[in-house]
Amino acid sequence: MNLTERDLKVIWHPYTQMKTAAPAIGIVRGEGAGLFDERGKKYIDAVSSWWVNIHGHAHPYIAQKVSEQLHKLEHVIFAGFTHQGAIELAERLLAILPDNQQKAFYSDNGSTAIEVAIKMCLQYWLNKGHQRTKIIAFNNAYHGDTFGAMAVSGRSAFTKAFDSLLFEVEFIDTPNADNISDLKSQISNLKSSTACFIFEPLVQGSGGMLMYEAQYLDQLMAHCRQENVLMIADEVFTGFGRTGKLFACDHLQVQPDIMCFSKGLTGGTMALGLTTCTQHIYDAFLSDDRLKTLFHGHSFTANPVACAAALASLDLFLEPATAVNIQRIEALHRQFADKIKHHPKIKAIRQTGTIVAMEWETGNDTSYFNSLRDKLYHYFLAEGIILRPLGNIIYILPPYCITNAELNYVYNKIEQALEEI
Ligand SMILES: *Cc1c(COP(=O)(O)O)cnc(C)c1O
């Protein structure tokens, strides 16, 4: 039996209706932006394997650093003990994050980084003796699949089975020139009961690569600061170059109180979550009262191998060549967007940094589950490209090492699909 057949017998895949989904493709090898299946067919990974990969697959430098770490120390309990990799990663990241970020708390993935951030905010107020439990989030937000992270995400088909169990959240629209003063008054009305405001800066990924302007987010954040509402920037997706700068928050003047990272953190090599915060938040947990402790931790918190992968990825990320690659992709995306924006099948096209997203015209059927999505997905697979439309929205967000030839191939196949589908 091949991998596809063996998989069918034992595996339950994420976000997959196992009854109707096409069998999973067995991948045996990766190199650069390419993934190779068991028959040797190449796929260009135009979605960076669920948005995590930034330097390409099986990068030899990361592989070497991970291998060295495995021979030194694979894991150690992170309460009462520490290690070089966790410290160095925190030191180096805090040095390039907004300068109010002073402390690093590790976890396992993006969702857990969000859980930690939410708990930090809720308990911050409790520790200070205030009754503030409300959370403000954006409509169409996505912050993860664990219960707390799901609760602060927009309600959708994906949360429907659990909606009645999710805690209540105050959802507001993303800011623009027309609604900004309205949003500010909404925040002012809620401020005395609000613990925090959580947002994906500039780009709402899972919501459909929805984009909004830094200047209005800045205004909203300045207002939150004035009203004493803590701010959590979820950079799980936008961090590490996606938006064209190191972090999406580098497009902003106002600094968030808490930031969350995962996905690109290890270059997409393995799972690791990180929540950073200000000294001010950290200090609210210092006490002789044991109940003021942040009681949160995971078995694999700050896993040394994951930290080694993150440090190796950071080395590559900070090389000048990576910034050049990011600018190159931005420029190519822009040309492509200009070229196809007037096509009758393109309802909208938008770009931030290395992310370009196209809304396909579907007439009246705009649901995530429309048949166009599956048609497009399989069309591109057949052409050797992994693109995973969110409903009728196709987006490209490649590893930064993708070649011009590979990127042009993807653009050409999208143009071909516009004619053929
Ligand atoms: C993917 C994602 C998460 C959740 O991360 P996981 O590692 O999948 O749990 C949280 N926030 C944003 C913005 C994401 O895109």
Side-chain angles (χ1 to χ4, degrees), residues 13-16 45 47-54 105-121 135-156 158-159 162 166 169 171 174 196-212 217 231-243 247-249 251-252 256 258-276 296 298-303 306 309-310 313 352-355 357 368 388-391 393 395-397:
H13 285 273
Y15 279 99
T16 302
D45 188 356
V47 297
S48 294
S49 280
W50 249 345
W51 322 349
V52 301
N53 192 292
I54 58 179
F105 191 105
Y106 288 105
S107 62
D108 295 357
N109 57 64
S111 300
T112 55
I114 297 294
E115 299 289 342
V116 169
I118 294 171
K119 284 187 177 180
M120 278 180 180
C121 289
I135 298 175
I136 299 173
F138 281 139
N139 285 314
N140 299 308
Y142 178 77
H143 298 291
D145 281 356
T146 52
F147 263 80
M150 204 171 25
V152 295
S153 301
R155 302 294 177 265
S156 71
F158 304 120
T159 63
F162 317 105
L166 300 177
V169 168
F171 288 105
T174 49
C196 62
F197 163 48
I198 182 168
F199 56 92
E200 296 155 273
L202 307 195
V203 186
Q204 296 184 291
S206 297
M209 299 297 155
L210 304 172
M211 299 173 187
Y212 62 101
L217 178 58
M231 290 170 267
I232 303 171
D234 176 355
E235 291 240 24
V236 169
F237 167 51
T238 53
F240 301 96
R242 273 296 158 213
T243 66
F247 302 99
C249 285
H251 295 271
L252 302 167
I258 294 180
M259 298 177 77
C260 301
F261 307 93
S262 187
K263 296 206 163 106
L265 175 57
T266 61
T269 303
M270 55 207 295
L272 181 65
L274 176 65
T275 308
T276 63
H296 189 104
H298 299 277
S299 315
F300 286 100
T301 290
N303 174 257
S313 177
T352 300
T354 63
I355 311 159
Y368 183 91
R388 231 186 115 83
L390 295 158
I393 297 158
Y395 61 89
I396 315 172
L397 56 97

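In listed order, ligands and their atoms are each counted from 1.
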**Prompt:** Does some non-hydrogen atom of W50 fall short of 4.0 Å from ligand 1?
**Reply:** no

**Geometric class of the F237/W51 ring pair [parallel <30°, tilted 30-60°, perpendicular >60°]** = tilted

**Message:** Considering both backbone and side-chain atoms of S111, is one of its nitrogen or oxygen atoms within less than 3.5 Å of a nitrogen or oxygen in ligand 1?
**Reply:** yes

**Test item: protein heavy atom less than 4.0 Å from atom 9 (O) of ligand 1** = yes

**Complete:** atom 11 (N) of ligand 1: closest protein heavy atom, distance to 0.1 Å, is D234 OD2, 2.7 Å

**Item:** Sub-4.0 Å heavy-atom contact, E235 with ligand 1
**Value:** no

**Asked** Do the two ring centres, one from F138 and one from Y212, sit under 6.0 Å apart?
**Response** yes

**Message:** Between N53 and S49, is the side chain to side chain donor-acceptor pair (under 3.5 Å) condition met? List the steps.
**Reply:** CA-CA 6 Å; N53 192 292; S49 280; 6.0 Å; no

**Prompt:** In ligand 1, which numbered atoms sit nearer than 4.0 Å to a non-hydrogen atom of W51?
**Reply:** 15 (O)

**Request:** Give the atoms of ligand 1, by number and element, whose distance to some non-hydrogen atom of G144 is under 4.0 Å.
**Result:** 4 (C), 10 (C)

**Asked** Which distance, rounded to the nearest 0.5 Å, do you find between the CZ of F162 and the CG of D145?
**Response** 9.0 Å

**Message:** Tell me the contacting part of H143 for ligand 1: side chain, backbone, both, or neither, using a 4.0 Å heavy-atom threshold, strictly below.
**Reply:** backbone

**Request:** Apply side-chain contact (heavy atoms from CB on, under 4.5 Å) to the pair I118 and H143, showing each step before the final yes or no.
**Result:** CA-CA 11 Å; I118 294 171; H143 298 291; over 6 Å; no

**Taking atom 1 (C) of ligand 1 as the reference point, the nearest protein heavy atom with its distance** = K263 NZ, 1.5 Å

**Message:** For a side-chain contact (heavy atoms from CB on, under 4.5 Å) check, start with the C-alpha distance between T266 and S313, then their side-chain angles and the critical distance, and finish with the verdict.
**Reply:** CA-CA 6 Å; T266 61; S313 177; 5.6 Å; no

**Asked** Just wondering, are more than 12 heavy atoms of other shown residues or ligands nearer than 6.0 Å to CZ in F247?
**Response** yes

**Item:** Nearest-contact summary for atom 5 (O) of ligand 1 - protein heavy atom, Å
**Value:** G110 CA, 3.2 Å

